[in-house]
Enquirer: 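A single structure is presented below for examination.
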Protein chains: 2
Amino acid sequence: MTDPALVHAALLERGLTVGCAESLTGGELAAMLSATPGASGTFVGGVVSYSTEVKRRLLSVTAAEVVSGECAVQMAAGARDLLEVDWAVSTTGVAGPDLQEGRPVGTVFVGLASSDTARFVRLDLDGDRDAIRSGACAGALDLLLAEVTRG
Amino acid sequence: MTDPALVHAALLERGLTVGCAESLTGGELAAMLSATPGASGTFVGGVVSYSTEVKRRLLSVTAAEVVSGECAVQMAAGARDLLEVDWAVSTTGVAGPDLQEGRPVGTVFVGLASSDTARFVRLDLDGDRDAIRSGACAGALDLLLAEVTRG
């Protein structure tokens, strides 16, 4: 998994700030982005939009399905606006144990938004609830690091 | 440490919802509140207000010092209003490695707000950054469970 310290270093070197919006990961992604000593140099904050209502009201999500790439992108864009950050990364999906919106456990979408980028990646993860949450965080960090270091 | 599943069960039994506002714990508290399968029955969401600016803008914090009981209570009250939950719990303090506002590493305040309660508890924690973050989460869960089961 991408070391959160590498993400922090890549952002710091470029003078960029980051925030996040999380559904199934429930705060774990923010915990990773804030784990590195000095994290406040890049990490501004996050929204854990666990309920659909919070996704819609705070992050302006309009996607009909919350387990979708469209929702992931809207969550990231909403967090970027709300937190006033350069980059925002998001997670939505099915941690289990039950299906959601007819999608199988392990279906995850991670999203990313900056001033000139909006994209998502779909992950199909195996394992129990903890493994799926961790895998979703890893996917979000991978996507963020790849995009930040692309330029 | 209080098992998050016990907190979830106590809230569910009483038909209560919960949210959180976090500074030094950076998302770990939300991750605990969302860890239990079926967490969406009680956990609505959280705000990781890592920067002072996010504390002030999203949570209406006016306290001059962010490492304070006053700030912890204002964060909880702000999260309760923003997330529209019955109870909100908060954390603020110094995870280290550096002092903050002249307060030593390990100084932590956890806060709690409901429609008729607002209180905070001060913790003086030992250990490294990870231990202090975990200790702050434990303190927040302890406070929440004690207050929810008091009635």
Side-chain angles (χ1 to χ4, degrees), chain A residues 4 8 17-59 66 75 79 81-85 88 91 94-98 100 105 128-130 132-134 136-137, chain B residues 4 8 17-59 66 75 79 81-85 88 91 94-98 100 105 128-130 132-134 136-137:
Chain A
H8 172 66
T17 58
V18 70
C20 58
E22 303 178 66
S23 188
L24 84 156
T25 55
E28 278 187 30
L29 179 59
M32 289 181 185
L33 290 168
S34 62
T36 310
S40 61
T42 60
F43 179 66
V44 171
V47 174
V48 182
S49 54
Y50 211 63
S51 77
T52 300
E53 198 272 325
V54 170
K55 289 180 186 71
R56 300 207 185 287
R57 190 162 49 80
L58 294 189
L59 300 174
V66 300
M75 285 171 67
D81 289 346
L82 188 71
L83 300 165
E84 300 180 357
V85 290
T91 62
V94 190
D98 300 318
Q100 193 180 336
V105 173
D128 64 10
R129 185 175 169 87
D130 285 349
I132 291 166
R133 282 164 50 118
S134 296
C137 290
Chain B
H8 172 66
T17 58
V18 70
C20 58
E22 302 180 66
S23 188
L24 84 155
T25 56
E28 280 187 28
L29 179 58
M32 290 180 185
L33 289 168
S34 62
T36 309
S40 61
T42 59
F43 179 66
V44 171
V47 174
V48 182
S49 54
Y50 210 63
S51 77
T52 299
E53 198 272 326
V54 171
K55 289 180 186 70
R56 300 204 184 289
R57 190 163 49 79
L58 294 189
L59 301 174
V66 300
M75 286 172 66
D81 288 346
L82 188 70
L83 300 165
E84 301 180 357
V85 289
T91 61
V94 190
D98 301 318
Q100 194 180 337
V105 172
D128 64 10
R129 184 174 169 88
D130 285 348
I132 290 166
R133 282 164 50 118
S134 296
C137 290

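Each chain gets a letter, A, B and so on, in the order the sequences are listed, and its residues count up from 1. The shown structure was predicted, so the numbers you read here are calculated from the model rather than taken from an experiment.
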Enquirer: Run the numbers on Tyr50(A) and Leu33(B) for side-chain contact (heavy atoms from CB on, under 4.5 Å), then give the verdict.
Expert: CA-CA 11 Å; Tyr50(A) 211 63; Leu33(B) 289 168; over 6 Å; no

Enquirer: In terms of heavy-atom proximity below 4.5 Å to chain A, should Glu22(B) be classed as side chain, backbone, both, or neither?
Expert: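 For Glu22(B), there is no contact with chain A at all, as no heavy atom is under 4.5 Å.
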
Enquirer: Just so I understand: if I count every heavy-atom pair under 4.5 Å between each of Ser23(A), Ser49(A), Ala35(A) and chain B, which residue has the most?
Expert: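 Looking at each of Ser23(A), Ser49(A), Ala35(A) in turn, Ala35(A) comes out on top.
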
Enquirer: Of the listed residues (Gly96(B), Gly19(B), Gly38(B), Gly26(B)), which shares the most heavy-atom pairs with chain A below a 4.5 Å separation?
Expert: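 The candidate making the most pairs under 4.5 Å is Gly26(B).
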
Enquirer: Identify the two heavy atoms, one from Pro97(B) and one from Pro37(A), that lie closest to each other, and give their separation to 0.1 Å.
Expert: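 In this case the closest contact between Pro97(B) and Pro37(A) is CD-CB, 3.7 Å.
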
Enquirer: For a quick test of reading the model, state the closest non-hydrogen atom pair linking Glu28(A) to Ala31(B) and the distance between them.
Expert: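 Minimum heavy-atom separation between Glu28(A) and Ala31(B): CG-CB, 3.7 Å.
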
Enquirer: Taking every heavy-atom pair that is under 4.5 Å apart, which of Val48(A), Leu82(A), Thr52(A), Leu29(A) has the most such pairs with chain B?
Expert: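 Going by pairs under 4.5 Å, I would pick Val48(A).
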
Enquirer: May I ask you to name which of Ser51(A), Gly46(A), Ala30(A) has the most heavy-atom pairs under 4.5 Å with chain B?
Expert: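 Highest number of pairs under 4.5 Å: Gly46(A).
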
Enquirer: CD/Glu53(B) to CD/Glu84(A) distance, rounded to the nearest 0.5 angstrom?
Expert: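 Nearest 0.5 Å value for the CD-CD distance: 5.5 Å.
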
Enquirer: If I measure from the heavy atoms of chain A, does Val47(B) come under 4.5 Å with its side chain, its backbone, both, or neither?
Expert: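 Contact with chain A involves both backbone and side-chain atoms of Val47(B).
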
Enquirer: Could you tell me the separation between the OG atom of Ser40(B) and the CD atom of Gln100(A), rounded to the nearest 0.5 Å?
Expert: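 Ser40(B) atom OG to Gln100(A) atom CD measures 7.5 Å (nearest 0.5 Å).
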
Enquirer: Tell me, out of Val44(B), Asp98(B), Leu24(B), Thr25(B), who's got the most heavy-atom pairs with chain A below 4.5 Å.
Expert: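 Answer, by heavy-atom pair count under 4.5 Å with chain A: Val44(B).
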
Enquirer: Less than 4.5 Å to any heavy atom of chain B: does that hold for the side chain of Ala39(A), its backbone, both, or neither?
Expert: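 Both parts, backbone and side chain.
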
Enquirer: Please report the C-alpha distance between Leu83(A) and Leu58(B) in whole Å, then the side-chain angles of each, then the deciding distance to 0.1 Å, and finally whether the side-chain contact (heavy atoms from CB on, under 4.5 Å) criterion is met.
Expert: CA-CA 9 Å; Leu83(A) 300 165; Leu58(B) 294 189; 4.2 Å; yes

Enquirer: Under a 4.5 Å heavy-atom cut-off, does chain B meet the side chain of Val54(A), its backbone, both or neither?
Expert: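 The side chain, not the backbone.
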
